[in-house]
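Mind looking over this structure? Questions follow.
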Amino acid sequence: MEKTILITGGAGFIGSHVVRLMVNKYPDYRIVNLDALTYAGNLENLKEIENAPNYAFIKADIADEKKIREIFAEYKPDGIIHLAAESHVDRSISDPLAFVKANVIGTVNLLNAARDLWGNNLSGKRFYHISTDEVYGSLGATGFFTEDTAYDPRSPYSASKASSDHMVRAWYHTYNLPVVISNCSNNYGPNQFPEKLIPLAINNIKHKRDIPIYGKGENVRDWLYVEDHAAAIDLIFHEGQLGETYNIGGNNEWTNIDLIRKLCEVMDEALGREKGESAELITFVKDRAGHDKRYAIDSEKLMKELGWKPSLQFEEGIVKTVEWYLNNEEWLNNVISGDYTDYYSTQYDNR
Ligand code: NAD
Ligand code: TYD
């Protein structure tokens, strides 16, 4: 094998798309997927490549310092693509400490382990940290987040991600660790856990359950198809400049209510329901605490410097996403069994 790439969080939503892409595209790389398999981690996501000769899986918690050092000593990764994180804002509101442990302590453990392993032997080495646009805070009606926008996180999730971004930059400046960071907008597509807006709504529409919309549904998000994020990660990992940050976005802003109305149309069509039937399930519920109003990314740097652009229009991506969820009933039934029911009732009953 030419080199070993350690991907953390590879059993999750975005991570599984990145692992699949790297295993298939780079047969000469050994791809090691390190994941704790929390509620969000699912090896079913990786069925197509689980027996590939260049793939290995390790179950481990990035917050476990000793274990992380042992794994680095054994596998000696040349590159790290770090996606493992607690990722849901609502869960961060009810359990912020879990986010500090995974996202802050976990990232510092990986940074320390990379530094110890690589020492001054930095040729060909790279620590790539995957982050979110939420670190920049909340926009008003106009403007975009650029790489120079000041950090202003407002939820425990975004504060923990901002903190991890700062740690990564500190290791670059203080210890010369070869790092690169990207901050992406909201992803959608196959394999997303149905706690996030789009798959939660797909699942509820399928079961003719209310679709909970926080507040008035006027908050705006910029949606990017997950495979376009994975392609950007591949590009930045190979061609991004060390010490730099790249914003990744879909240039695709929707208010939550318009997005859900569009999704309802696609679902009516896919399920052979009367036009307008699914939209009757829309229910406005109590707003999220500290709910960021608008996110919108300016991806010009990534497009100009590295030549990336999204491949899919939203109209196409949302149809593909709905088709995937409807064609993968077993996947969906497995993830909504057990703990999901408890999560759903704690989060939404009596809201
Ligand atoms: P996800 O919740 O679907 O998956 C996270 C994965 O990390 C899971 O497989 C989980 O088991 C694993 N994990 C969690 N804690 C861990 C720990 N302590 N040790 C080892 N593994 C652990 O998340 P996602 O949506 O795929 O997001 C992946 C990354 O991308 C995160 O860093 C997130 O902040 C970032 N991101 C997500 C979005 C989005 O829209 N989903 C947008 C921008 C950035
Ligand atoms: P989410 O998918 O949780 O992503 P994020 O909070 O990281 O942007 O939520 C997307 C938007 O949808 C956000 O404005 C909150 C809103 N939302 C609802 O209105 N209802 C829901 O049940 C969920 C989960 C989210």
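First listed ligand is number 1; within each ligand, the first listed atom is number 1.
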Provide the number and element of each atom of ligand 2 under 4.0 Å from a heavy atom of Ile213.
19 (O)
If we set the cut-off at 4.0 Å for heavy atoms, which region of His291 has an atom near ligand 2: side chain, backbone, both, or neither?
side chain
Kindly indicate whether the side chain of Val319, heavy atoms from C-beta on, has any atom under 4.5 Å from the side chain of Glu315.
no
Side-chain touch Asn186/Tyr295, heavy atoms, less than 4.5 angstrom:
yes
Nearest heavy-atom contact between Thr321 and Tyr225 is OG1-CE1, 3.6 Å
So is Arg288 polar-close to ligand 2, meaning N/O to N/O under 3.5 Å?
yes
Please indicate whether any nitrogen or oxygen in Trp223 is less than 3.5 Å from any nitrogen or oxygen in ligand 2.
no
Is the NZ or CZ atom of Arg30 both under 6.0 Å from the centre of the six-membered ring of Tyr75 and within 45° of that ring's axis?
no
With heavy atoms only and a cut-off of under 4.0 Å, state how Tyr157 meets ligand 2: side chain, backbone, both or neither.
neither
Within the 4.0 Å heavy-atom shell around Pro212, which atoms of ligand 2 are there?
18 (C), 19 (O), 20 (N), 21 (C), 22 (O)
State the CG-NZ distance between Leu306 and Lys304, to the nearest 0.5 angstrom.
13.0 Å
Looking only at non-hydrogen atoms, the one of Tyr214, Phe193, Tyr188 nearest atom 25 (C) of ligand 2 is Tyr214
Ligand-side contact atoms (ligand 2) for residue partner Glu134, heavy atom cut-off under 4.0 Å:
5 (P), 7 (O), 8 (O)
Heavy-atom neighbours of Glu70 CD exceed 12 at 6.0 Å:
yes
Atom 2 (O) of ligand 2: nearest protein contact (heavy atom, Å):
Leu197 N, 2.9 Å
List the atom pairs, donor and acceptor, that lie under 3.5 Å between side-chain atoms in residues 78-86 and the rest of the protein, sequence neighbours left out.
{"unit_1": "Asp78", "atom_1": "OD2", "unit_2": "Thr4", "atom_2": "N", "d": "2.7"}
{"unit_1": "His82", "atom_1": "ND1", "unit_2": "Thr8", "atom_2": "OG1", "d": "2.7"}
{"unit_1": "His82", "atom_1": "NE2", "unit_2": "Thr107", "atom_2": "OG1", "d": "2.9"}

Can you see which heavy atom on Leu259 is nearest to which on Phe314, and at what distance?
CD1-CZ, 3.1 Å
Smallest heavy-atom separation, Ala11 atom then Asp35 atom, equals N-OD2, 3.0 Å
Under 4.0 Å from ligand 1 - residues by heavy atom, chain and number:
Gly9, Ala11, Gly12, Phe13, Ile14, Asp35, Ala36, Leu37, Thr38, Ala40, Gly41, Ala60, Asp61, Ile62, Leu83, Ala84, Ala85, Ser87, Ala102, Ile130, Ser131, Thr132, Tyr157, Lys161, Cys184, Ser185, Asn186, Asn187
Trp308: what forms a ring-ring contact (aromatic ring centres under 6.0 Å, His included) with it, not counting sequence neighbours?
none
Please list, in number order, the atoms of ligand 2 under 4.0 Å from a heavy atom of His88.
3 (O)
I need the minimum non-hydrogen distance between Val226 and Gly189, along with the two atoms involved.
CG1-CA, 4.1 Å
Check this for me - ligand 2, Asn186, N or O atoms closer than 3.5 angstrom, yes or no?
yes
Heavy-atom closest contact (Asn204 atom, Pro212 atom, distance)
ND2-CD, 3.8 Å
Would you say the rings of Phe237 and His129 are close, in the sense that their centroids are separated by under 6.0 Å?
no
Per-atom contacts of ligand 2 with Glu195, taking only distances under 4.0 Å to non-hydrogen atoms
24 (C)
Geometry only, no angles: is Asn256 polar-contacting ligand 2 at N/O separations under 3.5 Å?
yes
What do you reckon, does Tyr348 have a nitrogen or oxygen under 3.5 Å from a nitrogen or oxygen of ligand 2?
yes
Protein heavy-atom partner closest to atom 8 (O) of ligand 2 - residue, atom, separation in Å
Arg221 NE, 2.7 Å
Only heavy atoms of Val89, strictly under 4.0 Å: list the atoms of ligand 2 that pass.
6 (O), 7 (O)
Where at least one partner belongs to residues 162-182, residue pairs that pass ring-ring contact (aromatic ring centres under 6.0 Å, His included), sequence neighbours excluded
Tyr151-His166, Trp171-Tyr175
Which bit of Ile198 is near ligand 2, meaning a heavy atom under 4.0 Å away: side chain, backbone, both or neither?
neither
